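Labels below follow one simple rule: chain letters A, B, ... track the order of the sequence lines, proteins then strands, and each chain is numbered from 1. What you are looking at is a predicted structure, and each value in this text was computed from that prediction instead of being measured.
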Amino acid sequence: MINLLAQPWFIPLVTGVVIIALAPLAVAFTVLLERKVLADMQARLGPMRVGPQGVLQTIADAVKLLTKEDVVPSDSDKWLFRFAPVVSFFTAATCLTVVPFSEAIKVTDVNVGLLIISAMSAVGILGIILGGWSSNSHYSLLGGLRSAAQLVSYEVALGLALMCGVMSAGTLSMTGIVKAQLQRGIWFAFDNYGLMLVPMMIYLISSVAETNRAPFDLPEAESELVAGFHTEYSGFRWGIYMLSEYINMFAVGSVLITLFWGGWLRPFPNVAALAIPLNYGVPLVVFGGTGLGCLYLSRRQPIQGYAIGIAGLGVVFLLVAAIFMIPAVNGPSIPVFWWALKLFTVLYIFIWLRGTFPRYRYDQLMNIGWKVMIPTALAAIFINAIVGMARS
Amino acid sequence: MLETVFFYAFAALTLAGAILTVTMRSAVHCAIALISSLAGVAGLYLLQHAEFLFAVQIVLYIGGVMVLFLFVIMLVNLDAAARERQFHRHWLAALACLAGTGALVALFLTRGAESFKLGAPAAEAAPGAGNIETLSMLLFREYLVPFELASLLLLVAIVGGVMMAKKRI
């Protein structure tokens, strides 16, 4: 037993399993967040029936997906049809394993972390094309091909934008990139006199395309292609596709915040005077505010059980806020708090874009990718290289 | 121990993928077998601590070349083309290739027996000087001219591709 614990692969394995097991839960609540935020933007209420204010809606959806009949079309390529969602999920989950959540909490720190993420997202395309082809349906095939073309195009801009960040950091290790920002005392988004904002925006836009989300959700444009590559999928296999799509959002969001927004660092990481107000004030506002909001909502619930439930949730949030005020807890957990806050900011931006923009036409999508994003990214590399060299 | 297990797993993946690539019936299945073979090679690179080659192998071959292969296979009806006479039953040519390759391997094994000895393990790289840093130092300092010539070759290929694809420029 002691022998097992001492193995070098033991801790990374356990952390990896825990992260991959927690990811679906995070996805469930991101879906809820998405539905609620979109509903709010469209002046609706969103899910309200399951649980107080609909907080248990996605759990119910997950149970429904698990118990649904699993349909495999009779003319499909059976083995590939079953194999394709596995590829998607495997690649998405692998991306999460190189992301550092704080200096201590991570699966592993490989010195080519960024390359592994871009390699995995390249393999992830296969899951989509194979799913589209094996369904033996025209909608699926067209969705899969569109998606492949889109991902291959935007991968170039994405890689070029990453290159700018790597040039500033001088390393490909995800932990090393964050440490370089700590050493420099600035998030790379604002480095090189603000010139790094250009690659950051390119990365943000390409990552929306990379995760197949609106306004670049051509592969699953429901007005033209029913549901794109996963038209024929149902039940849990469809659920795996949806899960990997959201985990991919987490992955590209983590890369964005690691490379450009300082990873687990707080804002102004080199100003020591701000450490106490930011590290204690922001969790207090976030968790305390959520707790008070839940308590306020609990007075307006139609059913007594819901009122108790949401009041309990409010008390839990207030307790979390109180726990964050203990220095012994605050110290190790505050990096993860900042990381999560930044990640959910990115996710909120994704949802916001979905609620704001109409879908692009296919030729517009390709024009933006090849004629705007890639030249801008190349120019950004060129200028940032010159400015970076001039500064050092 | 663990490395040996992984080595045999990746080697088996590479070989099985290569065999399936030439024996499968459907073109898409062949492409997938080829992908698994390439992934096995990538794994072997990783075992040699050539992380950069591993990533390039996956990004370029699996994410780039094979995706485009699949793209073409799915758009073109290859199953009809495969039934054409000129694409199969070339037993004579296949046997000739096999005999030629076998003779070459046999020659190597007999003449170059002493070159199969493993050299002393290379000195451990200094910590901090990772694989990629060393590689980029070599590429951009010592082998800059060949590297830039290769990029010129790629540029020619790109221009040629545009010329062929676009009727009116």
Are there more than 12 heavy atoms of other residues, nucleotides or ligands under 6.0 Å from atom [atom1] of [X]?
{"X": "A/Q183", "atom1": "CD", "answer": "no"}
{"X": "B/Y61", "atom1": "OH", "answer": "no"}
{"X": "B/L107", "atom1": "CG", "answer": "yes"}
{"X": "B/F69", "atom1": "CZ", "answer": "no"}
{"X": "B/Y143", "atom1": "OH", "answer": "no"}

#### Entry: Criterion side chain to side chain contact (heavy atoms under 4.5 Å, CB included) on A/W133 and B/L70, from CA distance to verdict
CA-CA 9 Å; A/W133 181 79; B/L70 280 172; over 6 Å; no

### Task
Over all heavy atoms of both residues, which pair between A/A119 and B/A55 is shortest? Give the atoms and the distance, please.
CB-O, 4.4 Å

### Message
To check you understand the geometry: which heavy-atom pair defines the closest contact between B/G63 and A/V152, and what is its length?
### Response
O-CG2, 4.4 Å

Which atoms of [X] approach chain B - backbone, side chain, both or neither, heavy atom under 4.5 Å:
{"X": "A/I125", "result": "side chain"}
{"X": "A/L172", "result": "side chain"}
{"X": "A/L141", "result": "side chain"}

### Query
Between B/L60 and chain A, which part of the residue has a heavy atom less than 4.5 Å away: side chain, backbone, both or neither?
neither

### Task
Find the one option among B/I58, B/L68, B/V56 whose heavy-atom pairs under 4.5 Å with chain A are most numerous.
B/I58

### Summary
Max heavy-atom pairs within cutoff under 4.5 Å with chain B, candidates A/V123, A/L145, A/L126, A/I116, goes to A/L145

